[in-house]
Amino acid sequence: MAKPKVLMTRKIPVEGFEIVRGCSDLEVWEGDGSVPRRIIIEKIPDKEGLFCLLTDEIDAELLDRAPRLRVISTMAVGCDHIDVQECTRRGIPVGHTPDVLTESTADFAFALLMTAARRVVEAVDYVKAGRWETWSPTLFLGRDIHRATIGIVGFGRIGRAMARRATGFGMRVLVFHHEPIKSDAEFGVRVQPGDLDFVLKDSDFLTLHVPLTPETYHLIGEKELQRMKKTAVLINTARGSVVDSKALYQALRDGGIAYAALDVMEPEPIHMDEPLLSLPNCLIAPHIASASVATRAQMAVMAAENLKAGLQGERLPHCANPEVYRTR
Ligand code: NAP
Ligand code: GLV
């Protein structure tokens, strides 16, 4: 029997690739960088499965070109690049990769926090530039992490992993979540829930872990930045559009807050004339928070297993729209 046709929009780690190859008649975009949208549109009409990445926008227009599509699997936990509601309406399950990347992403968010607090990039650049002449009592003074207050916005899988790390550093942990948090004991760490205003005003470090939704778009803008301490550090590993980057630029330039460390930007990749790039107190990484060898392999396998289940007509093990099964 012929295997179902699948489009994969980029070569993925071999552990996942072999699973997809084994269960499908696979077509892979082999070009450099992201697949152009017109190529997906051109190749999707006869495909039953789509294996995509967070760089691919999957919207109603594209779905209109995919009459045979039975499953979409993305190698990411965040599904803001997919019109999930529209997929549900069309009966298409969407697979994603929760949990396997939680700890690696929190590791990197904490690494950004520490790098910003202790000005590591500035200091390394200073040495490389041949400017290190002597030990100085005031050279690159940063902020202490231990016993500082961290504000966590979005208390899901990664937010909680951040709380566990912060607790190890003796930090006071404030949390903003849109639903009431039942009890901190449930998470094994002591946290103090509060409204966003309280978390903004009291935090030395503010770290963002919400999904991108209409509600969280520019959640941190001019007004919120003005509420923060002038010494505060903002860490964003969620999605670029959760922060209003123009307002952030002004706050960093004018001393409204001290530092920002960002793994995600609006848009990605950023334009080289992005004003934030000109600031010494802003670190920007190229969306690599989950990028450890082991985690990317696990993400590839999980996404491949989701795709395989969908092609076989089974329930996806990690489905972003489980309601799709209720409408069938
Ligand atoms: P998660 O477990 O779903 O956590 C997100 C939490 O935010 C949930 O508890 C959610 O509550 C809450 N939330 C939703 N809207 C909110 C709002 N308006 N205000 C406050 N809290 C809100 O997801 P996760 O696995 O921790 O991942 C979080 C996000 O991180 C992903 O969506 C993705 O965008 C990003 N991410 C980035 C990287 C990277 O490489 N930089 C890697 C992994 C993830 P409900 O469950 O009640 O909706
Ligand atoms: C990465 O950003 C993800 O959502 O997995």
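For ligands, and for the atoms within them, numbers begin at 1 and follow the listed sequence.
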Q | Residues R68, E48: salt bridge by 4.0 Å N-O rule | A |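 E48 and R68: salt-bridged.
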
Would you say [Y] and [X] are linked by a side-chain donor-acceptor pair, where the criterion is simply a distance under 3.5 Å?
X	Y	answer
N321	T88	yes
T167	R190	no
T74	H81	yes
T102	R160	no

**Q.** Side chain proximity check, L311 to V6, heavy atoms < 4.5 angstrom
**A.**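 They are in contact (side-chain heavy atoms under 4.5 Å apart), so the answer is yes.
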
(Q) Going by side-chain hydrogen bond (donor to acceptor under 3.5 Å, both in side chains), name the residues that satisfy it together with H178, two or more places apart in sequence or in a different chain. (A)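 Checked H178 against side-chain hydrogen bond (donor to acceptor under 3.5 Å, both in side chains); zero matches.
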
Only pairs under 3.5 Å count here: list side-chain donor-acceptor contacts from residues 257-272, not counting sequence neighbours, and write none if there are none.
residue	atom	partner	partner atom	Å
Y259	OH	E122	OE2	2.7
D263	OD1	H287	N	3.1
D263	OD1	I288	N	2.7
D263	OD2	I288	N	3.2
D263	OD2	A289	N	3.0
E266	OE1	H218	NE2	3.3
E266	OE2	H218	NE2	3.1
E266	OE2	S241	OG	3.3
E268	OE1	H287	ND1	2.8
E268	OE2	M265	N	2.9
E268	OE2	H287	ND1	3.3

Q | Residue shell around ligand 1, heavy atom under 4.0 angstrom | A |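 For ligand 1, the contacting residues are V77, G78, L101, T105, G154, F155, G156, R157, I158, F176, H177, H178, E179, H209, V210, P211, E215, T216, T237, A238, R239, D263, V264, H287, A289, S290.
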
Q: Return the orientation label for the F169 and F110 ring planes: parallel under 30°, perpendicular over 60°, tilted otherwise.
A: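 Tilted, since the angle between the ring planes falls between 30° and 60°.
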
Tabulating one pair per line, provide the atom names and distances (0.1 Å) for every N/O atom of ligand 2 that is less than 3.5 Å from a protein N/O atom.
residue	atom	partner	partner atom	Å
ligand 2	2 (O)	R239	NH1	2.8
ligand 2	2 (O)	R239	NH2	3.4
ligand 2	2 (O)	H287	NE2	2.6
ligand 2	4 (O)	V77	N	3.4
ligand 2	4 (O)	G78	N	2.8
ligand 2	4 (O)	R239	NH2	2.7
ligand 2	5 (O)	V77	N	2.8

